[in-house]
Amino acid sequence: MQTVVLHNTLTHREEPIVPIDAAGRRVLFYSCGPTVYDDAHVGNFRSFLNADILRRTLELVGYTVRHVMNITDVGHMTDDANADGAGEDKMAVAGRRLLEAKKAGTLPDGVSLDPRDPLAIADFYAARFLEDARTLGLKVAIDLLADPTCMPRPTRCIPQMIELAKRLIDRGHAYVARDGVVYFDVGSFPAYGRLSGNTLAALREGAGERIQAEHQAFKRGAADFMLWKPDASHLLKWDSPWGAGYPGWHLECSAMAAEFLGQEIDIHSGGEDNIFPHHECEIAQSCCGFGQATFARTWFHTRHLVVEGQKMSKSKGNFFTVRDVMARGVTPAALRLELVRMHYRTNANFTWQGLKDCQRQIDRWARAHAALVPHARTCPGKPSAPAGPFETALGEFTLALCDDLNVARAVAAINSVVASSPDGASATHCARRELQAIQSMDSVLGVLDRNTSQQPADDRLAAQVAELIARRAAARAAKEWGESDRVRDELSALGVQIKDGPEGTTWTRQ
RNA sequence: GGCCGAGUACCCAAGUGGCCUAAGGGGACGGAUUGCAAAUCCGUUAUUCGUGGGUUCAAAUCCCACCUCGGCCUCCA
């Protein structure tokens, strides 16, 4: 099996993936997924899709990947930055937003939900997330249809979280403070800070930022973080040995990774903002709770996306959801490629021009693929034929991905042969193997099957365009070029672009 | 203040000591095609890799200094 080399945030080095699995075939992979209090935006999806590319690359070289991605439906406060659970539950905020939308009549048709029910809100956005995820080819979301365990939700794993918190108390790594809150005792875990570089000393020196005096009163250490907060007034609450309340926001991933993958896993992914504090705290919880030196062997982090050169964030409001982009007629394939084509450890720039670039490349691959299909059917096989251009490209493609997911190089490998073998009809190689090769490459990129715009059909526009095209065809037949061009301008004014092909005129929305 | 990246043509971007007078894509330009376009196809488009030093027979690639930009450390992937 080809070795996949990946940059490990924990060691700051590129390292080969060596599975825990004794047979070396199965890879355990946990990804931090979305928090479903709103629609996911393109930046969220860059992180999820990079995890997907990694998973598909592992599968390309022959691994079986058990991939789990959580859908967080509880436990995040608007102000839980301070690690003490202050602020307001995001689900409550989402509920207010939905309530306003309901009053204003801007909720999508057919949606009926109680905006005061946090679980209903979470379900609402989770369903929309899964729709987007499947549109973009996130394999774990497709797996979910057959395997209900691969995208767990914290609200369904509260007992496991309580269990882990108990273990941490029993083992002397957590304590119940005078305010009744269960805290993790960071001082009890010397390796804290190894992932992020935020050692306890560094955190203390960083005075003023996240460590604020008013939150420190009951904690042993400044960096101690919450595991369970008793709060009977909270919107979502569960019984626990420490009173009715809710879990700390790091606890879910430790508990669910252990539940669905194991106490030690091969790869753990997330966006770079997860490195600290979230993943640092996960390591502390899992290692201390289960008594082992390692939680995830490899940490895989995707850097943030910027939009047209500007940092995007929810608070700034300059972000696009997947649905926003789709509404502009962009194909899922183009969006998928645009989000993964730049190396995951650089700050990628999302642009409309970039989407166009991607679309042209994908269209060319699709034409090459389509040209190969009939040949592969009729071709007798030629098993002894030398490797054709796509087979050769597949080698370079795989090599590039195995080298720390070098998607740009992998894409170049395809491009460099697409031009040189336009019809795939060469007599010297086997069209069937060529087809398999291009499909193998697409098994990672995942674009050929989703190269169709999701834009809702507009029947009125379609009828209008059909009529104009017919008028133009008549004018052209009569060689009335002035009239023909006028009609084309009219179509253009409608935002419609036409293409004259051998089978007649086709059109697309601009 | 701590941590981490990046600066390669008009734009995106690969390349980490010789195969580099620098891959691939987009754009632009020229050609084919077209009634003219669009789409498609073919061709052209960096002797040069942020700046200044150094190491070496040999550097975009290694070392030093400097400049610039970005990200994380708070919500957020």
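By convention in this document, chain letters (A, B, ...) are assigned in the order of the sequence lines, proteins followed by strands, and residues within each chain are numbered from 1.
- When both pairing distances are held under 3.5 Å, C62(B) makes a Watson-Crick or G-U pair with G54(B).
- Sorted by first and then second residue, the pairs that involve residues 438-449 of chain A and meet side chain to side chain donor-acceptor pair (under 3.5 Å), not counting sequence neighbours, are His369(A)-Gln439(A).
- Pairing of G5(B), defined by two Watson-Crick or G-U wobble distances under 3.5 Å, is identified with C69(B).
- At a cut-off of 3.5 angstrom, counting only N and O atoms as typed in the model, there is no donor on one side facing an acceptor on the other between the side-chain of Asn415(A) and the base of G26(B).
- With P as the reference atom, C11(B) and U47(B) are 14 Å apart, rounded to whole Å.
- Nucleic acid contact for Asp273(A): base, since at least one base atom lies under 4.0 Å from a heavy atom of the residue.
- For the pair Arg476(A) CZ and A38(B) C1', the computed distance is 11 Å after rounding to whole Å.
- Separating the CG atom of Asp500(A) from the P atom of U34(B) is a distance of 12 Å, rounded to the nearest angstrom.
- The P atoms of C41(B) and C73(B) are separated by 44 Å, rounded to the nearest whole Å.
- The residues Arg488(A) and Asp485(A) are annotated as salt-bridged, a charged nitrogen and a carboxylate oxygen being separated by less than 4.0 angstrom.
- Contacts of Arg345(A) with the nucleic acid, taken as non-hydrogen atoms under 4.0 Å apart, involve only primed sugar atoms and P, OP1 or OP2.
- Between G27(B) and C12(B), the distance separating the two C1' atoms is 11 Å to the nearest Å.
- Using C1' as the reference atom, C29(B) and U16(B) are 34 Å apart when rounded to the nearest Å.
- The residues Arg323(A) and Glu131(A) are annotated as salt-bridged, a charged nitrogen and a carboxylate oxygen being separated by less than 4.0 angstrom.
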Distances for protein N or O near nucleotides 28-32 of chain B N or O, under 3.5 Å:
none

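- Checking U40(B), G70(B), C73(B) against the side-chain heavy atoms of Arg303(A) singles out G70(B) as nearest.
- Taking atom CG of Asp38(A) as the reference point, atom C1' of C75(B) lies 13 Å away to the nearest angstrom.
- G17(B) is unpaired under the Watson-Crick or G-U wobble criterion, no partner having all donor-acceptor distances under 3.5 Å.
- For Trp481(A), there are no ring-ring contact (aromatic ring centres under 6.0 Å, His included) partners, not counting sequence neighbours.
- To the nearest whole angstrom, the two C1' atoms, one in C63(B) and one in G26(B), are 37 Å apart.
- Remark: the Arg488(A) side chain and the A37(B) base include a donor-acceptor N/O pair separated by less than 3.5 Å.
- Residue-level contact check: Ser484(A) touches the bases, meaning some heavy atom is under 4.0 Å from a base atom.
- In terms of the ring-ring contact (aromatic ring centres under 6.0 Å, His included) criterion, residue partners of Phe129(A) (sequence neighbours excluded) are, by chain and number, Phe45(A), Phe48(A).
- Out of G27(B), C36(B), A77(B), the shortest distance to the side chain of Arg472(A) is found at C36(B).
- In this structure, Ala327(A) has no side-chain contact (heavy atoms from CB on, under 4.5 Å) partners at least two apart in sequence or on a different chain.
- When the side chain to side chain donor-acceptor pair (under 3.5 Å) test is applied to Ser484(A), no partner is found at least two apart in sequence or on another chain.
- In the set A77(B), G35(B), C73(B), G35(B) carries the atom at the smallest distance from any side-chain atom of Asp485(A).
- Both Cys358(A) and Lys499(A) sit near RNA chain B, but only Cys358(A) has its closest nucleotide nearer the 5' end.
- At the heavy-atom level, Gly270(A) lies under 4.0 Å from the strands shown only through sugar-phosphate atoms.
- To the nearest whole angstrom, the two C1' atoms, one in A9(B) and one in G25(B), are 14 Å apart.
- Closest to the side chain of Ala412(A), from the set A77(B), A23(B), C36(B), is A23(B).
- For His304(A) and C75(B), the NE2 to P distance is 11 Å, given to the nearest whole Å.
- With sequence neighbours excluded, no residue forms a ring-ring contact (aromatic ring centres under 6.0 Å, His included) with Phe397(A).
- Computed from coordinates, the Phe276(A) CZ to C73(B) C1' distance equals 7 Å when rounded to whole Å.
- Judged purely by atom type and a 3.5 angstrom limit, Arg303(A) has no side-chain atom pairing as donor or acceptor with the backbone of Ala348(A).
- Evaluation of the side-chain contact (heavy atoms from CB on, under 4.5 Å) rule for His7(A) yields Glu14(A), Tyr344(A), Arg345(A), Asp404(A) as partners, not counting sequence neighbours.
- Distance, Arg486(A) CZ to G35(B) C1': 15 Å, rounded to whole Å.
- Of the two residues contacting RNA chain B, namely His12(A) and Leu305(A), the nearest-nucleotide position lying further toward the 5' end is that of His12(A).
- With no hydrogens or angles considered, no side-chain donor-acceptor pair links Thr298(A) and Glu15(A) at under 3.5 Å.
- Side-chain contact check for Asp357(A) and Gln361(A): no donor-acceptor pair (N or O, by modelled atom type) lies under 3.5 Å.
- RNA chain B is contacted by no residue of residues 50-57 of chain A, taking any non-hydrogen atom closer than 4.0 Å.
- Residues passing the side chain to side chain donor-acceptor pair (under 3.5 Å) test with Asn406(A), sequence neighbours excluded: none.
- Only the C1' atoms considered, A46(B) is 22 Å distant from C42(B), to the nearest whole Å.
- When both pairing distances are held under 3.5 Å, C29(B) makes a Watson-Crick or G-U pair with G43(B).
- Under the rule for a ring-ring contact (aromatic ring centres under 6.0 Å, His included), the partners of His268(A) that lie at least two apart in sequence or sit in another chain are Tyr30(A), His279(A), Phe295(A), Trp299(A).
- The distance between atom CH2 of Trp481(A) and atom P of A37(B), rounded to the nearest whole Å, is 13 Å.
- When each of Lys139(A), Arg336(A), His67(A) is tested with Asp52(A) by the rule side chain to side chain donor-acceptor pair (under 3.5 Å), just one qualifies, namely Arg336(A).
- Residue Glu480(A) contributes atom CD, which lies 20 Å from atom P of A37(B) at whole-angstrom precision.
- Nucleotides G70(B) and U8(B) place their P atoms 14 Å apart, quoted to the nearest Å.
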Considering only nitrogen or oxygen atoms on both sides, find all protein atoms under 3.5 Å from nucleotides 11-15 of chain B and state each distance.
unit_1	atom_1	unit_2	atom_2	d
A14(B)	O3'	Asn406(A)	ND2	3.0
G15(B)	OP1	Asn406(A)	ND2	2.5

